[in-house]
Amino acid sequence: MKPKLKRFFHYSNWSTQRRLLLLIAIAAFIFVAIFGRLFYVQIINGAWLQQRATEQWTRDLPLTAMRGNIFDSAGNLLAASYTAYDIYIRASNVENPGEVARVLNLELGLDYLMLYEKATRKNVSESLVKMQVQEDAALRILQHKLKGIYVTEGSSRYYPYGNLLTQVLGYTTIDGIGQAGIEAFYNKFLTGINGAGLTEADIRGRELDNATTTYIPSIPGCDVTLTVDAGIQQILENTLSRIMVNEKARGATGIVYNPKTGDILAMSNKPSFDLNTPPRDTISLLMDQSKNKSIVDVYEPGSTFKIFTTAAALSNNVLKLDDRFFCGGSTSVNGERIKCWRSIGHGSQDLVEGFCNSCNCVFVNVGLRVGVDSYYSHMFDFGMGQKTGVDFFSESSGLMLDKRYVREVDLARIAFGQAVAITPLQLVAGVGGVLTGKLMQPRFVSGITSPNGIKQNFTPVTVRKVVEPNVADQMRYLMEQVTSHAHGMYSFVPGYRIGGKTGTAQKYAGGKIDVGKYVSSFIGAYPANDPEMILLICVDEPGAGAYYGGMVAAPYAKEIFSGIFNYKGIQPVNLPEDLAKLEAKIPMPDLVGLSLTQAVSQLAGLKLGFEIYGEGGRVTSQVPAPGTMLFEQAMTVVVC
């Protein structure tokens with residue numbers, strides 16, 4: 001034992017040295033404890049305590065941050081925020097509750113008794129009276145100089161284009177929180193950080209005389225740039241609105257898509273509403289018309305699905321363009337009779353003719369050649385039965401029968417677009433993959449810009465390779481043949497190479513066919529040999545008489561393509577045919593009431609192409625209308 005320590009233990013209990021040493025030890029312990037407490041209070045817990053203290057000696061009112069803007073791909077403003085004002089009552093500072101209630105009742109049109117109750121509720125720090133008050137009304141309130149009324153800066157959302165992009169943009173709550181569409185999906189980026197105005201107050205919350213007000217500024221939200229082109233969107237929406245009127249349709253959907261990047265250039269569903277005045281009083285109407293049916297709802301695609309069946313068979317090397325088939329109007333699979341849409345049949349035809357005729361019997365044969373396992377593998381590659389990954393809430397994955405339970409007759413029906421349900425966006429993205437060879441992830445947003453101007457651009461995402469280049473080449477060729485001069489539709493849009501495919505699908509209700517209700521569609525690609533734009537038009541329950549996709553949807557697709565070419569300044573190309581034929585010189589005759597033989601004779605004599613629907617003896621309707629000026633070999637449709 002050390003000498004000093006030894007001497008300490010030899011001190012008596014009451015020795016001066018021992019008492020001094022104990023006193024020093026106690027003092028040191030107290031000092032360390034006090035220092036530790038001060039360190040905890042000031043360093044570790046200081047910020048929290050400072051915040052609590054500030055809350056006790058101040059009263060704060062929020063300064064709402066401006067929500068970020070939304071722009072289209074060309075920089076056009078689609079959604080913006082402007083300064084509005086929020087009105088509060090702080091009852092502890094109110095001197096004349098009756099006058100406060102009277103003024104606010106006069107300027108805001110609110111219930112007097114409710115306002116009086118808020119003006120006398122002194123146990124509440126402050127009460128919100130109304131949000132998003134316009135500047136002129138806020139100024140009139142301030143001019144009364146009544147104590148206890150407070151006006152703070154807020155914001156209100158404004159959509160310059162009104163009902164354009166209703167389901168895509170979506171809308172916000174009155175509090176500025178994204179409630180639907182892009183506004184909801186990108187809410188955390190669009191939402192800024194609120195500020196506050198802090199005013200010194202006593203323990204009862206009353207504002208002190210000559211009190212100082214400190215302002216903590218708000219930080220605005222980020223701006224979002226879409227892939228959508230507002231010009232193309234307007235062309236699409238104007239045409240869909242005409243479809244609703246002319247075809248007496250229950251609904252209409254359109255998508256314009258870039259298959260090389262996944263960019264959604266336009267998307268719309270009709271009916272819709274003005275985003276500045278959403279029908280909040282009718283919840284069912286609001287929910288129905290704000291739902292983006294292009295992404296959320298599924299439908300039976302009909303003949304447009306034959307694109308996938310053909311691509312799968314070509315990829316499996318079980319099909320060639322010159323393979324021949326026979327259609328007698330129906331075929332039998334597993335003892336079940338499957339009808340072609342043309343009950344008298346198409347006779348002998350090769351694949352190209354069968355694809356252009358959209359012959360069901362051909363595609364029953366093609367689907368069975370592929371087989372269930374391989375067919376389902378290719379459908380997965382094309383994106384069927386799974387979400388596309390688009391930046392949007394509530395996307396559906398579509399419906400496909402469980403492969404384990406698929407019989408040959410089921411596969412036969414799926415092959416021509418029955419017994420399967422997909423979203424319009426799935427169809428567009430899948431067809432884009434077939435025609436380019438790569439499936440891209442669809443997207444609405446191309447970049448986000450922070451309040452200090454730093455922009456983050458998003459890179460297009462390739463999901464997977466889906467077909468070999470030779471298969472993509474053949475599919476582009478087949479789709480161009482549908483709308484080409486060789487098959488009577490060179491004048492789909494004169495001077496432009498466009499590939500396409502029509503579809504007509506029956507609707508179901510309660511597991512049974514809903515008689516007389518159809519979805520008519522057309523999907524087209526431009527340019528046909530190297531697509532950069534895919535257009536889909538779907539018409540839900542056309543009610544003007546005609547319901548075939550070639551009659552209902554295709555003519556409007558032609559209008560949209562023509563409008564886009566004009567808007568973008570895309571000039572026609574010099575196709576092998578004589579460009580002199582591009583001048584429309586042939587008037588469409590009035591065929592209604594004529595026998596089918598008479599109608600066909602007139603069309604052939606005028607050098608017009610024709611497609612016949614139905615098996616009646618006389619023409620009941622036609623497309624286009626009588627008197628329409630047409631090009632030589634233009635496609636016409638007659639229904640018997």
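Everything numeric here is computed off the predicted structure, so don't read it as measured data.
- In summary, R242 and E247 do not engage in a salt bridge, as defined by a charged side-chain N under 4.0 Å from a carboxylate O.
- Shown here for L535 and A557, the closest heavy-atom pair between the two residues is CD2-O, 3.7 Å.
- Side chains of S621 and M551 form a contact here, defined as non-hydrogen atoms less than 4.5 Å apart.
- With contacts defined as side-chain heavy-atom distances shorter than 4.5 Å, the pair I182/V168 qualifies.
- Nearest heavy-atom pair, C538 versus S521, reported as atom, atom and distance to 0.1 Å: SG-CB, 3.9 Å.
- With 3.5 Å as the limit, one finds a donor-acceptor pair spanning the side chains of T388 and E395.
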Applying side chain to side chain contact (heavy atoms under 4.5 Å, CB included), run through I232 and K568 and close with a yes or a no.
CA-CA 9 Å; I232 296 177; K568 288 291 188 180; 4.0 Å; yes

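- Using a 4.0 Å cut-off between a side-chain N of Lys or Arg and a carboxylate O of Asp or Glu, E541 and K248 do not qualify as a salt bridge.
- Qualifying side chain to side chain donor-acceptor pair (under 3.5 Å) partners for Q598, counting only residues two or more places apart in sequence or in other chains: S595.
- The backbone N or O of L165 lies less than 3.5 Å from a partner atom in the side chain of E237, making a donor-acceptor pair.
- The closest side-chain heavy-atom distance from S241 to N238 is not below 4.5 Å.
- The two atoms that bring S394 and V296 nearest to each other are O-CG2, 3.4 Å, heavy atoms only.
- Residues V420 and M384 are not in side-chain contact: their nearest non-hydrogen atoms beyond the backbone lie 4.5 Å or more apart.
- Heavy atoms only, all atoms of each residue included: T502 and A554 are closest at CG2-CB, 4.5 Å.
- A donor-acceptor contact closer than 3.5 angstrom is absent between the side chains of S520 and T504.
- Within the 4.5 Å cutoff, side-chain heavy atoms of N316 are placed close to those of H378.
- Checking R324 against S348 by side-chain atom types alone, a donor-acceptor pair falls below 3.5 Å.
- Between the side chains of T423 and Y299, not a single donor N or O lies within less than 3.5 Å of an accepting N or O.
- Side-chain polar atoms of N360 and K306 form a donor-acceptor pair below 3.5 angstrom.
- The line from CG of D229 to CG of D263 is 11.0 Å long, rounded to the nearest 0.5 Å.
- Residues passing the side-chain contact (heavy atoms from CB on, under 4.5 Å) test with P278 are F273, R280, L286, sequence neighbours excluded.
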Determine, step by step, whether S332 and R337 satisfy the side chain to side chain donor-acceptor pair (under 3.5 Å) criterion, reporting the C-alpha distance in whole Å, the side-chain angles of both residues, the deciding distance to 0.1 Å, and the verdict.
CA-CA 4 Å; S332 180; R337 182 169 175 257; over 6 Å; no

Report the C-alpha separation of N357 and Q349 in whole Å, then their side-chain angles, then the decisive distance to 0.1 Å, and conclude whether the side chain to side chain donor-acceptor pair (under 3.5 Å) test is met.
CA-CA 9 Å; N357 293 331; Q349 57 196 325; 2.9 Å; yes

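- Nearest approach of P587 to L606, heavy atoms of both residues: O-CD1, 4.1 Å.
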The test is side chain to side chain contact (heavy atoms under 4.5 Å, CB included); show your working for Y257 and I523 and say whether it passes.
CA-CA 11 Å; Y257 174 79; I523 188 164; over 6 Å; no

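- Contact check on R369 versus D323 returns a salt bridge, with a Lys/Arg side-chain nitrogen under 4.0 Å from an Asp/Glu carboxylate oxygen.
- When ring centroids are compared, F561 and Y496 stay outside the 6.0 Å threshold.
- Considering only residues two or more places apart in sequence or on other chains, F392 meets the ring pair (Phe, Tyr, Trp, His ring centres under 6.0 Å) condition with F444.
- Close placement of the F565 and Y526 rings is indicated, their centers lying within 6.0 Å of each other.
- Atom CD1 of I264 and atom CG of N258 lie 11.0 Å apart (nearest 0.5 Å).
- Side chains of S396 and D297: no donor on one and acceptor on the other come within 3.5 Å.
- For the atom pair CD1 (I560) and CG (L240), the distance works out to 5.5 Å, reported to the nearest 0.5 Å.
- Salt-bridge check for R407 with D410: passed, with a basic side-chain N closer than 4.0 Å to an acidic carboxylate O.
- Screening W341, F325, F355 for a ring-ring contact (aromatic ring centres under 6.0 Å, His included) involving H346 leaves a single residue, W341.
- Here CD of Q474 is found 12.5 Å from CG of L435. Values are rounded to the nearest 0.5 Å.
- Residues E336 and R413 are paired through a salt bridge, judged by an N-O separation under 4.0 Å between the basic side chain and the carboxylate.
- Looking at heavy atoms from C-beta onward, Y547 lies out of side-chain contact with V519 at the 4.5 angstrom threshold.
- Panel note: side chain E559, backbone T239; no donor-acceptor pair is recorded below 3.5 Å.
- Judged purely by atom type and a 3.5 angstrom limit, T304 uses its side chain to pair as donor or acceptor with the backbone of P301.
- F416 has its ring centre no less than 6.0 Å from the ring centre of F363.
- Between T261 and M440 there is no side-chain heavy-atom pair separated by less than 4.5 Å.
- Of the candidates T310, V431, I307, K501 forms a side-chain contact (heavy atoms from CB on, under 4.5 Å) with just one, namely I307.
- Taking a cutoff of 4.0 Å between a charged side-chain nitrogen and a carboxylate oxygen, E300 and K507 do not qualify as a salt bridge.
- Rounding to the nearest 0.5 angstrom, the gap separating the CD atom in Q289 from the CG atom in N269 is 10.5 Å.
- Residues N529 and E480 have side chains that never bring a donor and an acceptor to within less than 3.5 angstrom of each other.
- Taking 4.0 Å as the cut-off between side-chain N and carboxylate O, D540 and K517 do not count as a salt-bridged pair.
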Check step by step if salt bridge (Lys or Arg N to Asp or Glu O under 4.0 Å) holds for D350 and K320.
CA-CA 9 Å; D350 62 21; K320 295 179 181 178; over 6 Å; no

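- Using a 4.0 Å cut-off between a side-chain N of Lys or Arg and a carboxylate O of Asp or Glu, D530 and R497 do not qualify as a salt bridge.
- Residues R250 and M244 are not in side-chain contact: their nearest non-hydrogen atoms beyond the backbone lie 4.5 Å or more apart.
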Taking it one step at a time, do N163 and N276 satisfy side chain to side chain contact (heavy atoms under 4.5 Å, CB included)?
CA-CA 8 Å; N163 65 354; N276 295 305; over 6 Å; no

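- With hydrogens and angles disregarded, a donor-acceptor distance shorter than 3.5 Å links the side chain of Q386 to the backbone of F380.
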Checking side chain to side chain contact (heavy atoms under 4.5 Å, CB included) for the pair M267/L425: CA distance, chi angles, key distance, verdict?
CA-CA 9 Å; M267 179 182 285; L425 184 61; 4.2 Å; yes

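- With values rounded to the nearest 0.5 angstrom, D288 atom CG is found 12.5 Å from I283 atom CD1.
- Considering every non-hydrogen atom in both Y159 and G170, the closest pair reads OH-O, 3.6 Å.
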